[in-house]
Each structure stands twice: as C-alpha cells, then as structure tokens.
Amino acid sequence: RAEAARRTAAEAQARALAWHDPLTGFLNRRALSDQAPERIAGWRAQGKSIGALVIDVDAFKSVNDLFGHAGGDTVLQTIAVRMAAIAPAGSMLARLGGDEFTVVFALDAGSEASIDDIGEAMTAALSQSVQIDELLAPTSSSIGGSIAVDAETSLEALLRHADSAMYQAKRLGRCRYCRFDSVMESDLAERDTIERELRMAISAGSLFPVYEPLIDLSTGEPIGYEMLARWTSEALGEVAPTQFIAVAEEKGLISSLSDLLFRRAFNEAAMWPAHLSLSVNVSPLQLRDPWFSQK
C-alpha cells in the first residue's frame with residue numbers, strides 16, 4: 001500500500017512537471033494547447049465569450065544583464081503573481097516561453113469591452129518596479145488583447161490576434177495595452193502574405209542590393225556607396241523596404257536576408273576601384289548574435 005501511494009505521488013509529480021512551468025507554476029505551452037479546447041467549449045456552452053491577453057516583458061534581456069539570471073527569475077515570478085491577482089477567476093494562465101505569457105478567460109456576453117479594463121489594469125500592475133535584494137528593477141510589459149469573434153475562432157487564432165496586438169503595443173512605444181481590431185486584422189493578413197513571399201524570396205535569392213553614392217562635396221566625385229535592400233515580388237510587385245525589413249525582423253528572417261545581400265554586395269564591391277568604400281545597414285537585432293562580427 002505504501003509503495004502504491006509513493007508511485008501515485010510520483011506519477012502526480014511527473015504530470016505536474018510535464019504540464020506546468022517550474023518557475024511560475026503557470027501552465028506551459030503544451031498544457032495550454034491540450035487543455036484549452038475543453039475549457040473554451042465549456043465556457044461557450046454557458047453562453048460566454050472568450051478573451052485572451054498576450055503579455056511580453058519589455059527589455060527583459062536588460063534585466064538579466066543588470067541583475068543576473070537569478071534576478072530575472074525573480075522578476076518573472078513577481079510578474080506571474082501580479083498577473084494571477086488581476087486575471088478573472090477561472091482563467092488559464094500560461095507561460096509561453098522566455099518572457100512571454102498569456103491569459104485565456106471567459107467574458108459575460110455583452111461585456112466584451114471589459115477585456116480592455118483587464119488589459120489596462122495588468123499593464124499598470126506590471127509597470128511597477130520589482131524588488132531584487134536591495135535594488136529595484138524597473139519593469140514594464142506590452143500587452144495585446146483579443147476576443148473570439150465567433151464559435152469557430154480557434155485558440156491558435158485567438159492568441160495570434162492577441163500577439164499581433166501586443167506587437168502593435170510595442171511599436172507604439174511599449175508599456176501599453178492594445179486590443180486587436182479590424183485594422184490590425186488587415187495589417188496582419190498583409191504581413192502574413194509578405195512573410196510567406198519573403199521566405200520564398202530568401203530561399204530563391206531573389207532579393208538584390210542597390211547602391212546609393214556617397215559624394216565628396218569638395219570634388220563632386222563618389223567616394224563610396226551605401227548598400228540598400230530591394231525586393232520585387234512576382235506576387236506583390238515592388239515591396240518597400242520599410243515593409244519587408246520590419247517583417248524580417250519580427251519573424252526572425254533578418255539574419256538570413258542580410259547574409260544573402262551582404263554576399264552579393266561584397267562580391268560586386270570586390271570588383272570596384274580600390275578607393276571606393278561600401279557601407280551596409282545592420283539591424284539592431286543582428287548585434288545580439290555573438291557570431292555577427294565573425295560573419
């Protein structure tokens with residue numbers, strides 16, 4: 001009997017470790033994906049609407065750099081406690097990975113606008129400094145909210161919309177809440193198309209560099225060139241760099257895009273007269289790559 005009890009306890013502990021983030025106690029991504037459909041179906045059967053928030057801690061890498069990983073863990077644990085205090089009763093709270101969290105919850109029909117109150121309250125709570133030993137770590141979070149528009153809206157779509165709204169909050173200056181709307185939906189569809197076409201363009205090597213001359217004003221002669229990225233898509237036509245560079249940065253494509261263009265530009269510049277220089281633009285995200293200088 002004692003052995004059976006120990007085995008039962010061990011199995012329960014294994015399940016807890018498999019389903020929960022050990023740092024915050026929240027559900028992990030896998031558990032949320034597995035458990036949410038049943039919970040959402042139950043809420044819908046009660047006539048409830050479904051809302052979701054996606055929370056991303058602003059500049060979390062700086063916290064780790066300044067306070068170490070133990071300090072970073074303290075910040076994440078404190079944020080989790082503050083989130084749980086504000087989330088509606090019965091919410092599903094999950095850590096999606098790193099410094100990104102989500103809350104999925106039910107809303108009374110007709111009171112869908114209350115998601116904004118929850119999002120704003122959470123933004124305010126998560127902007128309060130966190131005590132780490134004798135120091136205060138400044139923190140803030142960007143939060144996106146979304147409501148399932150109909151019974152066909154999946155958890156994946158709901159979180160994707162909230163994630164899009166979260167990125168909009170970051171673009172507007174961080175430490176704020178945004179709710180997904182029809183304008184963002186159109187923008188998201190456009191960005192999805194650009195991402196799909198851009199991935200194919202990078203694989204096919206169809207992006208190309210152009211060169212803007214750098215002029216010596218005293219002589220009027222070029223002393224070098226700045227490389228600029230250009231892309232003409234068969235499906236989209238000429239895509240502005242402001243559009244595809246932003247998508248490349250957001251979707252983790254900027255390094256492969258830049259590597260492609262750098263190789264082409266360097267090969268071409270090697271045939272220029274020796275006195276001409278070549279300048280290239282670098283995304284700040286690339287400076288996070290410890291191998292960037294070697295590349």
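All residue numbers refer to positions in the sequence shown, counting from 1.
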Legend entry - Side-chain donor-acceptor pair present, Gln168, Asp187, cut-off under 3.5 Å: no
Inset, instruction - State whether the side chain of Asp289 and the backbone N or O of Trp291 hold a donor-acceptor pair below 3.5 Å, judged by distance alone. - result: yes
Inset, instruction - Take Asp58 and Ser140, measure what side-chain hydrogen bond (donor to acceptor under 3.5 Å, both in side chains) needs, and give me the verdict at the end. - result: CA-CA 6 Å; Asp58 297 326; Ser140 70; 2.7 Å; yes
Inset, instruction - Evaluate the side-chain proximity of Glu249 to Pro284: yes if any heavy-atom separation is below 4.5 Å, no if none is. - result: yes
Side-chain donor-acceptor pairs under 3.5 Å in residues 47-54, sequence neighbours left out?
from	atom 1	to	atom 2	distance (Å)
Lys48	NZ	Asp108	OD1	2.5
Ser49	OG	Glu112	OE2	2.7

Legend entry - Arg263 side-chain N/O to Leu261 backbone N/O, donor-acceptor pair under 3.5 Å: no
Legend entry - Ile55 side chain near Val103 side chain, heavy-atom distance below 4.5 Å: yes
Inset, instruction - Could you tell me whether the side chain of Pro88 reaches within less than 4.5 Å of the side chain of Ile118, counting heavy atoms only? - result: yes
Legend entry - Pairwise side-chain contact, Phe180 with Glu185, heavy-atom cut-off 4.5 Å (strictly under): yes
Inset, instruction - Considering non-hydrogen atoms only, spot the tightest contact between Val104 and Trp43 and give its length. - result: O-CH2, 3.7 Å
Inset, instruction - Answer yes or no: is there a donor N or O on one side and an acceptor on the other, between the side chain of Arg95 and the main chain of Gly98, under 3.5 Å? - result: yes
Inset, instruction - Might you point out which heavy atoms bring Ser255 and Gln286 nearest each other, and give the distance in Å? - result: OG-CG, 4.2 Å
Inset, instruction - Search all heavy atoms of Ala165 against all heavy atoms of Met184 and return the closest pair with its distance. - result: CA-SD, 3.7 Å
Legend entry - Whether Arg44 side chain and Asp150 backbone form a donor-acceptor pair below 3.5 Å: yes
Inset, instruction - Decide, yes or no, whether a salt bridge links Glu195 with Arg191 under the criterion of side-chain N to carboxylate O below 4.0 Å. - result: no
Inset, instruction - Give the minimum heavy-atom separation between Arg82 and Ser129, together with the two atoms involved. - result: NH2-O, 3.1 Å
Legend entry - Side-chain donor/acceptor of Arg176 to backbone N/O of Leu172, under 3.5 Å: yes
Inset, instruction - Output the distance between atom OG (Ser233) and atom CZ (Arg196), rounded to the nearest 0.5 Å. - result: 9.5 Å
Inset, instruction - Give a yes or no on whether Tyr167 and Ile115 share a hydrophobic cluster (residues Ile, Leu, Val, Met, Phe, Trp, Tyr; joining criterion: side-chain heavy atoms under 4.5 Å apart). - result: no
Inset, instruction - Applying side-chain contact (heavy atoms from CB on, under 4.5 Å) between Pro209 and each of Arg230, Glu268, Glu226, report the one that passes. - result: Glu268
Legend entry - Whether Thr193 side chain and Ala189 backbone form a donor-acceptor pair below 3.5 Å: yes
Legend entry - Under 3.5 Å: donor-acceptor pair, side chain of Gln131, backbone of Asp133: yes
Legend entry - Side-chain H-bond candidate by donor/acceptor type, Ser256 with Asp259, under 3.5 Å: no
Legend entry - Shared hydrophobic cluster for Ile202 and Phe262 (ILVMFWY, side-chain gaps under 4.5 Å): yes
Inset, instruction - Could you state whether Leu23 and Phe101 fall into the same hydrophobic cluster, counting links through intermediate Ile, Leu, Val, Met, Phe, Trp or Tyr residues with side-chain heavy atoms under 4.5 angstrom apart? - result: yes
Distance-only check: which donor-acceptor pairs under 3.5 Å involve side-chain atoms of residues 60-73, not counting sequence neighbours?
from	atom 1	to	atom 2	distance (Å)
Lys61	NZ	Asp65	OD2	3.1

Inset, instruction - Report yes or no: does Arg39 contribute a side-chain atom to a donor-acceptor pair with the main-chain N or O of Gly90 at less than 3.5 Å? - result: yes
Inset, instruction - Return yes if a side-chain donor-acceptor contact under 3.5 Å exists between Thr232 and Glu238, otherwise no. - result: no
Legend entry - Residue pairs passing the ring pair (Phe, Tyr, Trp, His ring centres under 6.0 Å) test where at least one lies in residues 185-233, sequence neighbours excluded: Tyr211-Trp272, Tyr225-Trp272, Trp231-Phe244
Inset, instruction - Write down the atom of Ile132, the atom of Ala137, and the distance for their closest heavy-atom approach. - result: CD1-CB, 3.6 Å
Legend entry - Gln46 atom CD: more than 12 heavy-atom contacts under 6.0 Å: yes
Legend entry - Side-chain donor-acceptor pair present, Ser114, Asp117, cut-off under 3.5 Å: no
Inset, instruction - Could you tell me whether the side chain of Ser91 and the main chain of Leu93 form a donor-acceptor pair under 3.5 Å? - result: no
Inset, instruction - Find out if a path of hydrophobic residues (ILVMFWY) with successive side-chain heavy-atom gaps under 4.5 Å connects Ile147 to Leu155. - result: no
Legend entry - Heavy atoms from other residues, nucleotides or ligands near CD of Gln294 exceed 12 (cutoff 6.0 Å): yes
Inset, instruction - Taking all non-hydrogen atoms of both residues into account, name the closest pair between Leu278 and Ala269 and its distance. - result: CD2-CB, 3.8 Å
Legend entry - Path from Tyr177 to Leu96 over hydrophobic side-chain contacts below 4.5 Å: no
Inset, instruction - Look at the side chain of Asn28 and the backbone N and O of Ala18, then say whether any donor-acceptor pair between them is shorter than 3.5 Å. - result: yes
